[in-house]
Amino acid sequence: MTFSWTPHRFSGGALALDVANSVILRFDAARRIDRYADASAMDAFAGAANRHCADALSHGELTPVMSENRERFIDLREKTDRYFRAEVLGRSTPAQFADLLDAISVILRRSTVGGKSTSLDTATARSALMLATHPEPQRLKICANCEWLFLDRSRNRSRMWCDMAVCGNRAKAKRHYHRRQEEA
Ligand SMILES: [Zn+2]
């Protein structure tokens, strides 16, 4: 099965959230898939983000993470997910916030400035910093179907799913299935 970074995989509304969502079914040990486990997929993410990520253009042209920086990038991804997920659930701690800031600063300290391109890890660190320092608690949500993090940009902030076309329809199909089961 070939894997591709389709627009659906950039439903987070911010680069840092799209990066956090590169782990599929994070809390389902049996079915969990880390899409960055394959380094070539991680590299391809940068190119796809240029096309599909909601705020990619604000970072300039994204380039892949240098191999020596991958570990720090994954560390940032994990701390991003942990902190913002806890934020949505109303149970984030100062320690989680500090861990996130540490992971951000480790990357920013090493990043090079200049040119029109930005490495994916640097851009993700900036995106996470932006989300952390300009929080939008009314908009930050967890998808009711797949548990991805996303920013709800709808006017009345009523979105329940990261992507209506994918998760919204799956949720609808599930409801329909259960209704039919009950009727039977
Ligand atoms: Zn979803």
Side-chain angles (χ1 to χ4, degrees), residues 5 7 9-24 26-27 34-36 39 41-143 146-154 157 159 162-163:
W5 293 107
R9 298 180 188 282
F10 296 88
S11 304
L15 180 63
L17 300 182
D18 290 334
V19 166
N21 294 340
S22 63
V23 180
I24 316 299
R26 186 177 275 275
F27 303 103
D34 179 354
R35 292 294 180 194
Y36 288 169
M42 193 201 286
D43 289 351
F45 179 94
N50 284 317
R51 295 191 298 279
H52 306 309
C53 179
D55 63 353
L57 291 178
S58 63
H59 304 288
E61 180 86 11
L62 294 176
T63 56
V65 180
M66 310 268 277
S67 54
E68 66 268 29
N69 294 332
R70 278 180 190 147
E71 208 174 304
R72 279 175 280 268
F73 176 55
I74 295 297
D75 185 55
L76 172 64
R77 178 187 71 176
E78 296 308 296
K79 280 160 185 167
T80 296
D81 191 90
R82 206 165 303 154
Y83 173 72
F84 290 108
R85 196 170 289 280
E87 271 283 282
V88 178
L89 300 173
R91 53 176 189 235
S92 67
T93 64
Q96 284 171 331
F97 187 58
D99 284 347
L100 175 64
L101 295 180
D102 280 347
I104 290 169
S105 68
V106 161
I107 288 176
L108 292 184
R109 209 180 292 282
R110 297 170 57 91
S111 64
T112 48
V113 186
K116 271 185 263 174
S117 62
T118 310
S119 65
L120 174 61
D121 48 340
T122 298
T124 303
R126 286 185 193 155
S127 172
L129 185 60
M130 195 65 194
L131 288 174
T133 53
H134 298 77
E136 297 182 89
Q138 315 284 324
R139 298 195 186 277
L140 184 64
K141 295 183 178 179
I142 295 172
C143 176
C146 72
E147 298 194 79
W148 273 358
L149 289 163
F150 70 95
L151 284 177
D152 178 359
R153 292 271 173 229
S154 68
R157 299 186 294 252
R159 258 174 72 192
C162 67
D163 183 341

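The structure displayed is predicted, hence computed values, not measured ones.
What you find for C143 and C162 is that their closest heavy atoms are SG-N, 3.4 Å. Across all non-hydrogen atoms, the minimal contact from A132 to F97 is CB-CE1, 3.8 Å.
By the side-chain hydrogen bond (donor to acceptor under 3.5 Å, both in side chains) test, D34 is found to be paired with R77, residues two or more places apart in sequence or in another chain being considered. In this structure M66 satisfies the side-chain contact (heavy atoms from CB on, under 4.5 Å) test together with E68, N69, sequence neighbours excluded. Residues satisfying the side-chain contact (heavy atoms from CB on, under 4.5 Å) criterion with A48, sequence neighbours excluded, are W5, F10, R51, H52. D81 is linked by a salt bridge (charged side-chain N to carboxylate O under 4.0 Å, His left out) to R26, R85, counting only residues two or more places apart in sequence or in another chain. Remark: A14 pairs with L17, D55, S127, L131, L151 by the side-chain contact (heavy atoms from CB on, under 4.5 Å) rule, at least two apart or across chains. Residues passing the side-chain hydrogen bond (donor to acceptor under 3.5 Å, both in side chains) test with S154 are D152, sequence neighbours excluded. Take V88 and apply the side-chain contact (heavy atoms from CB on, under 4.5 Å) test, not counting sequence neighbours, and it matches L140, I142, L149. Scored by the salt bridge (charged side-chain N to carboxylate O under 4.0 Å, His left out) test, E136 finds R139, R153 as partners (sequence neighbours excluded). Taking R82 as the reference, nothing meets the salt bridge (charged side-chain N to carboxylate O under 4.0 Å, His left out) condition, with sequence neighbours excluded. T122 meets the side-chain hydrogen bond (donor to acceptor under 3.5 Å, both in side chains) test with S119; sequence neighbours excluded.
Expressed to the nearest 0.5 Å, how far SG of C53 lies from CG of N50 amounts to 9.0 Å. To the nearest 0.5 angstrom, L100 atom CG is 8.0 Å from L129 atom CG. With values rounded to the nearest 0.5 angstrom, D102 atom CG is found 11.5 Å from I107 atom CD1. Separating the CZ atom in R70 from the CG atom in L120 is a distance of 11.0 Å, to the nearest 0.5 Å. Separation of atoms CG (D99) and CG (D75) is listed at 8.5 Å; rounding is to 0.5 Å.
Formation of a donor-acceptor pair under 3.5 Å by the W148 side chain with backbone atoms of N21 is found in this model. Panel note: side chain D18, backbone G12; a donor-acceptor pair is recorded below 3.5 Å.
Between V65 and R72 there is no side-chain heavy-atom pair separated by less than 4.5 Å.
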Evaluate the criterion side-chain contact (heavy atoms from CB on, under 4.5 Å) for residue pair I104 and T124; output intermediate values, then yes/no.
CA-CA 8 Å; I104 290 169; T124 303; over 6 Å; no

Before you tell me yes or no, could you show the steps for I24 and R9 under side-chain contact (heavy atoms from CB on, under 4.5 Å), namely the whole-Å CA-CA distance, both residues' side-chain angles and the distance that decides it to 0.1 Å?
CA-CA 10 Å; I24 316 299; R9 298 180 188 282; 3.8 Å; yes

After noting the C-alpha distance and the side-chain angles of F150 and D163, does the key distance pass the side-chain contact (heavy atoms from CB on, under 4.5 Å) rule?
CA-CA 9 Å; F150 70 95; D163 183 341; over 6 Å; no

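Judged as a salt bridge (Lys or Arg N to Asp or Glu O under 4.0 Å), not a single pair has a partner in residues 112-133 (not counting sequence neighbours).
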Pair up each side-chain donor or acceptor in residues 89-96 with any protein partner under 3.5 Å, not counting sequence neighbours, and list the distances.
residue: S92; atom: OG; partner: E87; partner atom: OE2; Å: 2.6
residue: T93; atom: OG1; partner: Q96; partner atom: N; Å: 3.1
residue: Q96; atom: OE1; partner: T93; partner atom: N; Å: 3.0

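Aromatic ring pairs are classed by plane angle as parallel below 30°, tilted from 30° to 60° and perpendicular above 60°; the pair Y36 and F45 is perpendicular.
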